[in-house]
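Report on the following structure.
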Amino acid sequence: MMSLSTFTGKSIALLGLVFSSFALAKSSSKSWQTDATYTNTNPTNLAADVYVRWDTSTNAYWAYSTEGMDDGWMFAIYTSPDMTTWSKIEGGAIKNATESANWAQDWYWAPECYHNEETGWYFLFYAGRYTEPELVAQYFKYPDFEEGSKIGVAVSRSPSGPFVNIAAHPIDYYPFDPTYHDINLLMTSPYLVPPSSPSIGETAPNGTYIPSIDPNVFFDDDGSIWLFFSRNAYRNWIWDDEYAEYIEESNIYAVRLDDAWWNDPEAKTMPAVHESYKDVNQGKPEGWVTSVNSSFPGPTRRDGWEQIIAYHQQPQEWENAHVHDYIASNGTLKNRRWSEGSTTIKQYDSDGNAVYFLTYSANNYESPYYGVGYAYASSPLGPYYKSNSNPILSQDASRSIYSTGHGSIIGVKGSNSTKELYYPHHARPTVEADRYLYNARLFVEPDSLYVGFGADAGDLRLPSGVAPFSVSSNSTGNGTWTVNVENKDGVAFNLSSPANRLFAWIESGDASGNTTSVGVDVEVVGENVTVTGALPQGATINVVYQRARSNDSQPWLNVSQVTGLGADWELVGTMLD
Ligand SMILES: *[C@@H]1O[C@H](CO)[C@@H](O)[C@H](O)[C@H]1NC(C)=O
Ligand SMILES: *[C@@H]1O[C@H](CO)[C@@H](O)[C@H](O)[C@H]1NC(C)=O
Ligand SMILES: *[C@@H]1O[C@H](CO)[C@@H](O)[C@H](O)[C@H]1NC(C)=O
Ligand SMILES: *[C@@H]1O[C@H](CO)[C@@H](O)[C@H](O)[C@H]1NC(C)=O
Ligand SMILES: *[C@@H]1O[C@H](CO)[C@@H](O)[C@H](O)[C@H]1NC(C)=O
Ligand SMILES: *[C@@H]1O[C@H](CO)[C@@H](O)[C@H](O)[C@H]1NC(C)=O
Ligand SMILES: *[C@@H]1O[C@H](CO)[C@@H](O)[C@H](O)[C@H]1NC(C)=O
Ligand SMILES: *[C@@H]1O[C@H](CO)[C@@H](O)[C@H](O)[C@H]1NC(C)=O
Ligand SMILES: *[C@@H]1O[C@H](CO)[C@@H](O)[C@H](O)[C@H]1NC(C)=O
Ligand SMILES: *[C@@H]1O[C@H](CO)[C@@H](O)[C@H](O)[C@H]1NC(C)=O
Ligand SMILES: *[C@@H]1O[C@H](CO)[C@@H](O)[C@H](O)[C@H]1NC(C)=O
C-alpha cells in the first residue's frame with residue numbers, strides 16, 4: 001500500500017513525518033511500477049467530443065470538451081496528472097463576452113487544442129453555428145440555411161485558457177459541392193420528407209455550400225497541415241439503393257491548410273485553406289447564382305475538399321441505426337447517417353511505409369448505438385479503407401456503457417509511438433444520462449493494419465509514466481493537515497476527485513493500544529486530514545492513497561508501487577518510466 005512507510009519498509013510514526021523518504025523515492029532513476037487503477041464506472045466529469053493532449057510546459061494532460069463548462073463559457077477544460085483523475089478548470093475555454101470576439105450564435109461543438117512549442121501559442125479549433133440570416137447567407141447563400149456550422153479558432157498563452165478568437169469570423173474556407181443535387185429546394189420546411197426516387201431528386205439544381213463541424217488538424221511529418229472535418233448532415237441527401245430512400249448523411253472530408261497562422265509569432269493570423277484548394281470550384285455548376293436574396297449577399301468563393309469517409313463509398317451495416325428514424329419517430333426525425341468526430345494519426349510499418357489511421361464515430365450521439373470505427377490509408381487523403389472489424393468500440397449494456405465515441409488518440413505523455421496509446425472519449429452510464437469523460441487503451445499495429453481497444457469497463461491499469469507517487473504533508477500531530485499526493489513529475493492529484501482519495505487511521509495509541517480512551521479521531525475530507533484529541537505518546541497516524549474501484553462493493557485499492565519488476569507485475573509500458 002501507498003503510505004508514508006512504503007519507501008522504508010517499516011512503519012513510521014506520523015507524529016514525526018519523515019519527508020526525506022520522498023526525496024529518496026524521487027531521486028531514484030529506477031523504473032517504477034504501480035498497481036494503481038482507474039475506472040470508467042460512476043463517471044463524474046461531464047464531457048463530450050473529448051480531445052486530450054499532453055502538455056510539456058505543465059507536465060499534465062489537458063482535456064477539452066463540448067460539455068461541462070460553467071455558465072457564460074464555451075467548452076470545458078479539465079487537467080490531469082495521469083489521464084484518469086481530472087480537475088476542472090473554473091469557467092471554461094472561451095468566455096461568452098465581447099472581448100472573446102465570438103462570431104457564432106450557438107452549436108459550439110468539438111474543441112481541439114494544438115500547441116506550437118516554438119511560438120508558445122495554444123490554438124483551439126471548434127465548430128460554431130451562424131443563425132443570423134445575414135451571416136448565414138454570407139457563408140451558405142440561403143439566409144434560411146438551417147445548419148450554418150463553420151470552424152473557428154481561438155488562441156491562448158496557456159492550456160488552461162482563456163482562449164480568445166483570433167478574429168470575429170470563422171476560418172477562411174468556403175467548401176462547396178458543385179455536383180450535389182440540392183434536394184432541399186424540392187422540399188418544404190421542416191425538410192423531413194425527401195423525394196421518393198432518385199429521378200426526382202436529380203431534377204434539383206446542383207450545388208451547395210457545405211456546413212462543417214468536428215475539426216481535427218493533422219500535422220504531417222513532412223510539414224503539411226491538414227484539416228479533417230465532418231460535413232454536417234444537413235443538405236446532404238444521398239439516395240440509398242438498399243433501403244430505396246434518401247438518407248441524409250454526414251461524411252468526413254479533408255483539406256490542406258496554409259501554415260502562416262501556425263508560424264505567426266503573435267497568433268494574429270487566421271488559418272486559411274491552402275492555395276491549391278481555394279476557389280477550385282469557381283464556374284461550377286454552370287449558371288450558379290451566388291445570391292438568392294437581394295438583401296443578403298451570398299459568398300463568392302467556392303473551395304475544394306477531398307472525401308475521406310462516406311457511408312456509400314464503403315457501406316457497413318453498423319452505421320444504419322437511424323435509417324428508419326422518420327417512421328420510428330412518427331415523422332419528427334430525418335432518416336440519417338453520421339460519420340463524424342474523426343482523429344487521424346500516422347504510423348510507420350516495419351518496412352518504413354507510412355500508414356494513416358483514422359477513427360470516426362457513426363450513428364447519432366444520443367443513441368446507445370453511437371460507436372467508433374476506423375479506416376486506414378497510405379497517404380493523408382486516402383483512399384481510406386474501413387476495417388471489417390468495425391465497430392471497434394460500441395455500447396456494452398452488460399457493463400452499463402452506452403453511446404461510446406468521439407474521442408481523440410494520445411500516446412502516453414504525448415509520445416507518437418504505438419507502444420501505449422489511449423482514446424479518451426465520451427460515453428454514458430445509462431441511455432438517459434449526460435455524456436461523461438471515459439478513457440480506454442487503444443492498440444495500433446501498423447504491420448497488420450490493426451486498431452483495437454482495451455477494456456472500457458472494470459479496474460483498468462493506469463497509463464505508465466506516473467509512478468513513483470509521493471505523499472507529503474505540511475503538518476503532523478493533531479489539528480488539520482493538508483496532504484499532497486504527486487506523480488513522478490511533481491504534479492498533484494485532486495484528492496477531491498471521486499476517482500481517488502486519502503484514507504487515514506490511527507495505528508496505535510497509548511501503551512495498551514487504546515485510542516478511544518483519549519478520544520482521538522481522524523477524519524479525511526479531500527486533501528485535508530483532521531486529527532482531533534490529545535494524541536498519546538507513540539500514536540501513529542497512517543495515511544494511504546487509494547483509488548476507486550469499478551465495483552462499489554469492493555474495497556478501495558490501496559496503491560502500492562515498486563521499483564523494477566516483480567514476478568507478478570504486468571508491464572504496462574516501459575518507454576517512459
Ligand atoms: C477537485 O475536484 C473536485 C471534484 O470534482 C472539484 O470540485 C474541485 O474544484 C477540484 N479541485 C481543483 C483544485 O481543481
Ligand atoms: C452568450 O450570451 C448571450 C447574452 O447573454 C446569450 O444570448 C447567448 O445565448 C450566449 N451564447 C451562448 C452560446 O451561451
Ligand atoms: C448536375 O450535375 C451533373 C453533373 O455533375 C449533371 O449531369 C446534371 O445534369 C446536373 N443537374 C442539374 C439539375 O443541373
Ligand atoms: C430574404 O431573406 C429573408 C430572411 O430569410 C426573408 O425574410 C425575405 O423575405 C427574403 N427576401 C426575398 C426577396 O426573398
Ligand atoms: C408513434 O405513434 C404511435 C401511435 O400513436 C405511438 O404508439 C408511438 O408511441 C409513437 N412513437 C413515437 C416515437 O412517438
Ligand atoms: C515520432 O517522433 C519521432 C521523434 O520526434 C520522429 O522522428 C517520427 O517521425 C515521429 N513519427 C511520426 C509518425 O510522426
Ligand atoms: C496546511 O496547509 C493548509 C492549506 O494551505 C493550511 O490551511 C493549513 O493551515 C496548513 N497547516 C499548517 C499546520 O501549516
Ligand atoms: C478503551 O478505553 C475506553 C475508556 O477507558 C474503554 O471504554 C474501552 O473499552 C477501551 N477499549 C479497549 C479495546 O480496550
Ligand atoms: C491537540 O492536543 C493537545 C494536547 O496534546 C490538546 O490540548 C488539544 O486540545 C488538541 N487539539 C485538538 C484539535 O484536538
Ligand atoms: C461486486 O462485488 C461483489 C462483492 O465482491 C460481488 O458479489 C459482485 O458480484 C460484484 N459485482 C460485479 C458486477 O462484478
Ligand atoms: C487498505 O489499507 C487499509 C489500512 O491498512 C486496510 O484497512 C484495508 O483493508 C486495505 N484495503 C485493501 C483492499 O487491502
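Keep in mind that the numbers below use all heavy atoms, side chains included, and drop hydrogens, waters and symmetry copies. Remember, it's 1-based here, ligands and their atoms both numbered in the order they're listed.
Note: Tyr374 and Phe357 have tilted aromatic rings, judged against thresholds of 30 and 60 degrees for the angle between ring planes.
Taking the six-membered ring for Trp and the full ring otherwise, the centers of Trp109 and Tyr64 sit at least 6.0 Å from each other. Taking the six-membered ring where the residue is Trp, the centroids of Phe163 and Tyr122 are separated by 6.0 Å or more. The distance between the ring centers of Trp107 and Tyr126 does not fall below 6.0 angstrom.
Proximity of Asp144 to ligand 4, defined as any heavy-atom pair under 4.0 Å, is not found for any part of the residue.
The contact set between ligand 3 and Thr179, taken as ligand atoms under 4.0 Å from a residue heavy atom, comprises 5 (O). Near Ala204, meaning under 4.0 Å from any of its heavy atoms, are these atoms of ligand 3: 13 (C). Listed by atom number, the atoms of ligand 3 under 4.0 Å from Glu202 heavy atoms are 13 (C). Contact atoms of ligand 4 toward Phe296: 1 (C), 2 (O), 3 (C), 4 (C) (distance under 4.0 Å to a heavy atom of the residue).
Salt bridge Lys386/Glu319: present, at least one basic N to carboxylate O contact under 4.0 Å.
By the ring pair (Phe, Tyr, Trp, His ring centres under 6.0 Å) test, Tyr356 pairs with Phe218, sequence neighbours left out.
Lys334 forms no cation-pi arrangement with Tyr246, by the criterion of a distance under 6.0 Å to the ring centre and an angle within 45° of the ring axis.
Other residues, nucleotides and ligands contribute more than 12 heavy atoms inside 6.0 Å of the CD atom of Gln554.
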Check each N or O atom of ligand 5 against all protein N or O atoms and list the pairs under 3.5 Å, with atom names and distances to 0.1 Å, one per line.
{"from": "ligand 5", "atom 1": "2 (O)", "to": "Asn330", "atom 2": "OD1", "distance (Å)": "3.2"}
{"from": "ligand 5", "atom 1": "2 (O)", "to": "Asn330", "atom 2": "ND2", "distance (Å)": "2.2"}
{"from": "ligand 5", "atom 1": "11 (N)", "to": "Asn330", "atom 2": "ND2", "distance (Å)": "3.0"}
{"from": "ligand 5", "atom 1": "14 (O)", "to": "Asn330", "atom 2": "ND2", "distance (Å)": "3.3"}

